[in-house]
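Below, read A as the first sequence line, B as the second, and so on, with proteins coming before strands; counting in each chain starts at 1.
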Amino acid sequence: AQRVTQPEKLLSVFKGAPVELKCNYSYSGSPELFWYVQYSRQRLQLLLRHISRESIKGFTADLNKGETSFHLKKPFAQEEDSAMYYCALSGGNQFYFGTGTSLTVIP
Amino acid sequence: GAGVSQSPSNKVTEKGKDVELRCDPISGHTALYWYRQSLGQGLEFLIYFQGNSAPDKSGLPSDRFSAERTGGSVSTLTIQRTQQEDSAVYLCASSLEGTSGRIGTDTQYFGPGTRLTVL
């Protein structure tokens with residue numbers, strides 16, 4: 001069963017516009033969710049985790065258990081936000097990544 | 001300090017041959033993960049080590065895949081009798097593993113990957 005779904009493979013927004021990258025999950029227990037990011041020619045790295053309730057590089061993500069979602073948001077996109085974003089879930093003895101969303105911020 | 005390293009960076013092999021991929025985690029990291037990223041796919045979890053033991057091997061795609069970790073450090077992923085569908089980027093990550101008891105709750109630090117091409 002697909003644990004993490006990212007419905008958008010590609011997303012383009014203009015610089016300064018709000019951006020939302022969607023993530024839905026399915027998990028029977030209490031989920032722990034993460035966003036990982038891969039910038040061009042760099043390694044995959046952690047952006048943020050829901051349990052920390054943190055804002056990193058202006059991004060936030062709220063866990064909505066009713067909608068089983070963990071969407072990533074930023075009010076004003078910057079060119080340096082262009083990257084591949086992966087939503088991920090910790091479950092049991094496995095770790096699940098979504099298929100990723102490629103974000104392009106247009107200058 | 002040094003990050004996670006993987007070798008080789010690229011491997012081209014013929015169908016039917018065995019390959020061995022290596023991962024050197026960050027020193028002191030007790031947890032180690034292997035993932036596979038096929039073209040157009042997300043990261044597929046393969047296996048996780050806590051120390052030298054892997055509690056769940058069900059993520060390995062077939063019995064041609066095996067992994068081991070010795071000395072709580074270096075890990076090797078072996079693919080026997082490679083098939084064309086094994087072509088992918090194989091990523092390794094390591095983390096300190098906290099006391100939560102859940103996999104991946106500590107930050108995973110990824111290596112650069114090994115690109116495997118099976119002809």
Asker: Between atom CZ of A/Arg43 and atom CG of B/Leu91, what is the distance when rounded to the nearest 0.5 Å?
Answerer: 10.0 Å
Asker: Would you mind reporting whether A/Phe34 and B/Gln108 have side-chain heavy atoms less than 4.5 Å apart?
Answerer: no
Asker: What about A/Phe59 and A/Phe76, same hydrophobic cluster or not, with Ile/Leu/Val/Met/Phe/Trp/Tyr joined at side-chain heavy-atom distances under 4.5 Å?
Answerer: no
Asker: Check B/Thr105 against A/Ser90 and note the closest heavy-atom contact, atom names and distance.
Answerer: CG2-OG, 4.3 Å
Asker: Please classify the contact of B/Tyr33 with chain A as side chain, backbone, both or neither, using a heavy-atom distance under 4.5 Å.
Answerer: neither
Asker: Hydrophobic clustering (ILVMFWY, side-chain heavy atoms < 4.5 Å, transitive) - are B/Leu60 and A/Tyr96 grouped together?
Answerer: no
Asker: Hey, is CD on B/Glu14 packed in by over 12 heavy atoms from elsewhere, all under 6.0 Å?
Answerer: no
Asker: For chain A, which candidate among B/Asp56, B/Leu43, B/Ile47 shows the most heavy-atom pairs at distances under 4.5 Å?
Answerer: B/Leu43
Asker: Would a hydrophobic clustering, with Ile, Leu, Val, Met, Phe, Trp and Tyr connected at side-chain separations under 4.5 Å, put B/Val12 with B/Leu21?
Answerer: no
Asker: Give the cluster check for B/Tyr35 versus A/Leu44: same hydrophobic cluster or not, with ILVMFWY residues linked at side-chain heavy-atom distances below 4.5 Å.
Answerer: yes
Asker: Tell me, for B/Glu44 versus chain A, whether the close heavy atoms (under 4.5 Å) come from the side chain, the backbone, both or neither.
Answerer: neither
Asker: Would you say the ring centroid of B/Tyr48 lies under 6.0 angstrom from that of A/Phe95?
Answerer: no
Asker: Under a 4.5 Å side-chain heavy-atom rule over Ile, Leu, Val, Met, Phe, Trp and Tyr, are A/Tyr86 and B/Val89 clustered together?
Answerer: yes
Asker: State, with a plain yes or no, whether a side-chain heavy atom of B/Thr107 is found less than 4.5 Å away from one of A/Arg49.
Answerer: yes
